[in-house]
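So the structure is just underneath, and the comments pick up after that.
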Amino acid sequence: MGVMMPEAGRCCRECVAGAVENPRQTDVRAPAHPLLKALTTMTRTLSIVALSAALAGCGGSAVGARSGGPNNGGGSDLAGGSKGNAPGANMGATGGSSGGMGADPIAPPPPEMEERRSFETPRAGARYVYVANPKRDTVAVIDSTNLTIRPIQVGDTPTYLQTVPGKDVALVINVGSRDVSILRTDAAGTRTSTVPVVPGVNALSVAPDGKHVVAWYQSPAKPGLTGGPPGSFQDVSLITLGDTDQSIGLTVGFRPSDVAFAADGSAAFVITEDGVSVLRFAELRGPSVTPLIAVGDAADTAQDVSVTPDGRYALSRKEGATEIRLVDLTTRASTTVDLGSAVTDLDLAPGGDFALAVLREAGTVVRLLLPGGFTDPTMRHSFAAEGGVGSATITPDGKAAILYTTANPVERLVLLDLVAQSTRPVRLKKGVRAVAVSPDSRTALVVHTKDAGSPTDPSIDVEGAIDRSHGYSVVDLASAFAKLQLTTAPVGELAITPDATRAFVLLRDDAVSIRVAQRIQLASFIVDDFPLGSPPLSIAALADSKRMFVSQVHPEGRISFIHWETGAVESVTGFELNGRIVQ
Amino acid sequence: VKRPLAALALLSLGACKEWEPAYTQQATMLPPVALDSRVALVDSGNARVFLVDPARPESGARLVSVAKDPVVATRHQGKDELLVLSRGERGQPGVLPEPPALTIFAADPAVPPRVVPLGSRFNTLSQSPDGRRLIAHFGPSTTKGDSLFNPNEIAILDLAAASPVAVPRTIRSFGSVPDRVLFSPSLALPDGPRTLAVLLSQNFVTLVDLDNPTRPEITVPLTLPNDTRTLRPVQVLFETKDPVVYVRVQGANDIYALRLLPVAAAERAPNGNDFTPALGLLAAGTGPADMALYDTADGPRLLVTSPGSRDAFVIDARTSRSTRIALDDAASRIHIFESTGPGDPKSRARALLLGTGIEARTISFLDLDQLELQGRRNLDSRQMGAPALESLFFPSRGQAVVLHRAQPGTAGVSVIDLSQRTVAPIFAEVPPSRLAATPDKIWVGPESGERLGFINLMSLAPGEVRLEDAISGILPLPRAADGKSRVVVVHGGDPAGSLTVLDADKPERATARRIKGFLLQDLLEREDR
């Protein structure tokens, strides 16, 4: 609400309003700035993932946006996502840079932030939920239609589990036996097979078509989080799923950070600090060193890389740099363009035909057609987006983008219509922490920042209470209407139903025992509460049974299934005990 | 209770070891059973049932023989009948074997007893609340049987059948033996309404579809293999519409909720069950001691009291959500009732929580309306003079009666007014040890002595009747043949049999009638004398 510096908010709104009335298009001539996030969006899937992807990638899409990627569970973890984002800061506290947020040359705003979710959570197939139990060497397969649970014996210490999007197929890395178990479930039961993998892998990235999986080592955010050093940072296993599952070991560039897949399922691209390792499946006959294509200068180890869905180009930026790069993954030809101001976000369109570069300090968003926009200035178009906008989220249909900043508590979004080439402001009541867009591109969900202090402090007014509350806004992208929903606990993971009719968010505050799943009707913006028995961990949709599953903290394991139409809730606790029921 | 019938005869004939006359045999009496108008006493040692009509004490007892070695005598629920489970005779030199059997006696002497042979020598009988279903099984303390016996064998009987037969079955076991058998009310299951038997055994609960006895039972473990705890399921509640079986387990802090979910026809095994249980562990404090179900606008809720953590929990089994309500004192019993409350003229669902068998001296009233929202604001506590030993609940009268643990100078009994929330102490000269209830009175048996106390529940006026012998049992007979309500006091100290019959409406020594010696009434006529 900008209570500390109301004039600043007013100024920003005026700037945006001006942009709406007179959207400026200019050729980009100036160089750009570095980026923070490492990402691509070449293989987005629908629904949940699309929403969580956008959410997870404030300032663009994140690893969690990947279809079947290592962090893909259907939801996005927002908890802790404010780290580095000074969630308690407001404009007054940061010196009150009026006008263009982040334009203060003395105290530059922090970088735009993305948020990640934890890995060790149940994963959803189409009808079944899979939960690894490392202590019992089993995976519990839970039928969301009748809550029956079957423990399936797998290898030693199954720890990292991933599902094939839209299918009742799961893969789990057995850390102890250094292999991957593949579980395929139908009404008749679950069949398993096992393939060996290279030691130390802790992440599985699944191709959208479900035919290939890359097992790789994902470096922890902090050393020691995975309990020991891997054998190598550069070993991956490519698993081919079929009548006979197979795997081969491959060597890639140093320290992979992500894996993307070609939309046609022909290749995988392992993003590493050295560049992009290209795994063209048809060409891989056995263990080998995969081709590595540099996407930046040799000294650049903090590249954020996206790969176009056709697998032809890699798009990269470096944090703080004004220059962005396009690499032809076939010819290895590299092209750069200097946008003249630090690029705080670079978002690749779902179709891969263009990218948006956000220049926060310049108050500009640049649309570059690919690949021509890197060489032909006429294929670059600038839009005024003043007021500290530093991030962009392109809607799944590629026709619009939502511009915002997570670096400062600016209470505003800008809707950029990429077809009409116009902008439109959306006034919010709180700062932006993350933005998610429904797969039908009609609704956005904006998770807000929270100011420090208690919202019930009697010395503050309503505005102050709002600023000090947790909450989110639901935004109708066609009308720019926004509804603020305050919450009693931080907004955690969220997910959207595959039919895009409803969204769910998790609220959790263990100190005051708040454990709630909220359902948001995307047609009416009406919100319902679903109290939970235990603190929620993750949420995802099960398309076949029209249920959301909410995994929760419980020593025996607990999941609640919420029918997204009827609101009926069913819970199951004790996965192992349930699995041992004999009939 | 074993007593010599004729000590003199025993001494004179003691040398005869192969045949022992009846008058030398010790009477082993099973606990007396109250029928509508009669008291049944079963002499286990002589395999005879004595049916005494207190309205006609002069006519003596009606004697009926049963199969040998009767071990259980109980009233047939909903019927004026007695059920006697006999283990039969294994046979020995000079003694022919006799099969085990269930004998069904009607109180009406015109109706001949029905005998249902049983395949095995069971020693425990469980029946459904409506009296239709019966399961004979082996209790957990079984130490004798045939040379070999299977403790997991049961026999299922449908007493509604014209000619009931015992259907034998062996329950799947993982090393445990059924401890108790309970019966569900009619549950709304996919194939239609159904009654389940719930067999409780150490660390396991087993569900048996009584309407489809050929379908396999469902065995639900309560622990994982490496769990060294010994868990004993002790209480079961049923939710019938959207079926859930709640199991309280001694040794566990969670309530086990088994939601019975439909199995799609395409996924059912041949002759498989049409439902499958989904287990939910519901957190309920420390050492849950009682649970009760009640309805809310948002669906049914389970109320659990846990004396170990001095709290109560409201649980929504569908979401597994528990709401804790800290109590002012530990409670181990829950009584749900509907009444007005102080300052609340509307009749609403409420609960009385009290501690029986524990040191609690505080009772709690919980207004169940909006309890999850209101929490302790819906709690109202009252003090009692002494810890409770037992409680009787009369929701239709708006009263509860608490029998206190014997403590000098404190109340022996308290009468609780559920609407006014008053606790009226009634002092006792001799510590009371047992309670029995008739519609308008509470009968209080003293720990020692011959004075039977009673409390008029209308006026709370106490009274007493001096009897001739010490009191070992109080049996209210709700519907005597002459329409009067009577109370029969059993004097267990008399080996020949001794009862005192009191008019429940007007209990006085002057009108009390004594029935003595009925256990010996046919001694001279018996063939085995």
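Labels below follow one simple rule: chain letters A, B, ... track the order of the sequence lines, proteins then strands, and each chain is numbered from 1.
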### Message
Per the ring-ring contact (aromatic ring centres under 6.0 Å, His included) rule, what does the pair list look like for residues 204-224 of chain B, sequence neighbours excluded?
### Response
B:Phe174-B:Phe204
### Query
In residues 181-199 of chain B, which residues are in contact with chain A at a heavy-atom separation under 4.5 Å?
none
### Query
If you round to the nearest 0.5 Å, how far is CG of B:Asp316 from OG of A:Ser571?
7.5 Å
### Query
For B:Leu261, is it the side chain, the backbone, both or neither that has a heavy atom under 4.5 Å from a heavy atom of chain A?
side chain
### Query
Hey, does the side chain of B:Ser320 reach the backbone of A:Gly533 with a donor-acceptor pair shorter than 3.5 angstrom?
no
### Contact winner vs chain B - A:Thr573, A:Ile142, A:Val550, heavy-atom pairs under 4.5 Å
A:Thr573
### Donor-acceptor pair, side chain of A:Asn578 and main chain of B:Ala278, under 3.5 angstrom
no
### Task
Output the residues of residues 509-527 of chain A for which the shortest heavy-atom distance to chain B is under 4.5 Å, in residue-number order; output 'none' if no such residue exists.
none
### Query
So which part of A:Leu532 gets closer than 4.5 Å to some heavy atom of chain B, the side chain, the backbone, both or neither?
backbone
## Note on the structure
Correct closest heavy-atom pair for A:Gln583 and B:Pro277 would be NE2-CD, 4.0 Å
### Task
Between chain A and each of B:Val205, B:Thr276, B:Asp254, B:Val263, count heavy-atom pairs under 4.5 Å; write down the option with the most.
B:Thr276
### Query
Based on non-hydrogen pairs under 4.5 Å, which of B:Arg321, B:Glu217, B:Arg259, B:Arg215 is most in contact with chain A?
B:Arg321
## Note on the structure
Looking only at heavy atoms, the pair that brings B:Thr319 and A:Val569 closest together is CG2-CG1, 3.4 Å
## Note on the structure
With sequence neighbours left out, the residues meeting side-chain hydrogen bond (donor to acceptor under 3.5 Å, both in side chains) with B:Ser173 are B:Asn152
### Query
What residue, out of A:Gly574, A:Ala568, A:Pro531, has the most heavy-atom pairs lying under 4.5 Å from chain B?
A:Pro531
### Query
B:Arg172 side chain to A:Val582 main-chain N or O, any donor-acceptor pair under 3.5 Å?
yes
## Note on the structure
Here the gap from B:Leu281 atom CG to A:Ser534 atom OG, rounded to the nearest 0.5 Å, amounts to 10.0 Å
### Query
B:Leu207 versus chain A, heavy atoms under 4.5 Å apart: side chain, backbone, both or neither?
neither
### Task
Can you tell which part of B:Thr206 gets under 4.5 Å to a heavy atom of chain A, answering side chain, backbone, both or neither?
neither
### Query
Contact part of B:Pro262 toward chain A, heavy-atom cut-off under 4.5 Å: side chain, backbone, both or neither?
backbone
### Message
Which heavy atom of A:Val572 sits nearest to which heavy atom of B:Leu279, and what is that distance?
### Response
CG2-O, 3.4 Å
### Message
Nearest 0.5 Å, please: how far is CG in B:Leu258 from CD1 in A:Ile581?
### Response
6.5 Å
